[in-house]
Amino acid sequence: MDAQQQERQVRLARNQSLFRTVNEEIERIPRADWSGAYAELVCECARQDCIEKLQVTSPEYESIRGTPTHFVVQQGHVVPDIERIVESNDRFVVVEKFEAAGATAELLSPR
């Protein structure tokens, strides 16, 4: 991987980590019980202009967040040169960062 590719991977992972931080704050909002209900989270994709919302339960999100290189994104928002799909359903896709993007995601994980 050349320096330009590595820089791009780091930049895109930083974008996604920002959206992940937003979702961490959304998840902290007190709810009576949303263990089975859907929370409306923001897409954690690399697109800076993305405003898509995702329906995710708290247990689903906790499972995704259990791995610092995993992000929840909208179908069609996967960037194959920095991430691979590890899970998919009709509401969202879970991607895993690798190489420089993965290392950056781990460093920026708020947990």
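Nothing here was measured: the structure is a model prediction, and the numbers come from that model.
- Within the 4.5 Å cutoff, the side chain of Leu54 has no heavy atoms near those of the Tyr38 side chain.
- Between the CD1 atom in Ile64 and the NE2 atom in His70 there is a gap of 9.5 Å [rounded to 0.5 Å].
- In this structure, the side chain of Gln75 engages the main chain of Asn89 through a donor-acceptor pair within 3.5 Å.
- Taken to the nearest 0.5 Å, the OG1 atom of Thr69 stands 13.0 Å off from the CD atom of Glu99.
- Residue Ser63 holds its OG atom at 6.5 Å from CD of Glu87, rounded to the nearest 0.5 Å.
- Among residues two or more places apart in sequence or in another chain, the salt bridge (charged side-chain N to carboxylate O under 4.0 Å, His left out) test is passed with Arg91 by Glu60.
- As a member of the Ile/Leu/Val/Met/Phe/Trp/Tyr network built from side-chain separations under 4.5 Å, Val95 groups with Phe71, Val73, Val78, Ile85, Val93.
- Shown here are the side-chain contact (heavy atoms from CB on, under 4.5 Å) partners of Asp90, two or more places apart in sequence or in another chain: there are none.
- Remark: Ser109 engages Arg20, Arg65, Pro68, Arg111 in a side-chain contact (heavy atoms from CB on, under 4.5 Å) (not counting sequence neighbours).
- Contact of the Arg84 side chain with the Phe98 side chain is registered, since non-hydrogen atoms from C-beta on lie closer than 4.5 Å.
- Contact check for Lys53 versus Leu41: no side-chain heavy atoms found under the 4.5 Å cut-off.
- Note that CD1 of Ile51 and SG of Cys43 are 11.0 Å apart. Values are rounded to the nearest 0.5 Å.
- Checked against Gln16 for a side chain to side chain donor-acceptor pair (under 3.5 Å), the options Glu44, His77, Arg47, Glu83 give a single hit: Glu83.
- Taking hydrophobic clusters as Ile, Leu, Val, Met, Phe, Trp and Tyr residues chained together by side-chain heavy-atom distances below 4.5 Å, Val94 shares a cluster with Val42.
- Applying the side-chain contact (heavy atoms from CB on, under 4.5 Å) criterion to Ala101, with sequence neighbours excluded, gives Gln9, Ala13, Ile82, Lys97.
- The stretch residues 1-10 participates, sequence neighbours left out, in these salt bridge (charged side-chain N to carboxylate O under 4.0 Å, His left out) pairs: Arg8-Asp81.
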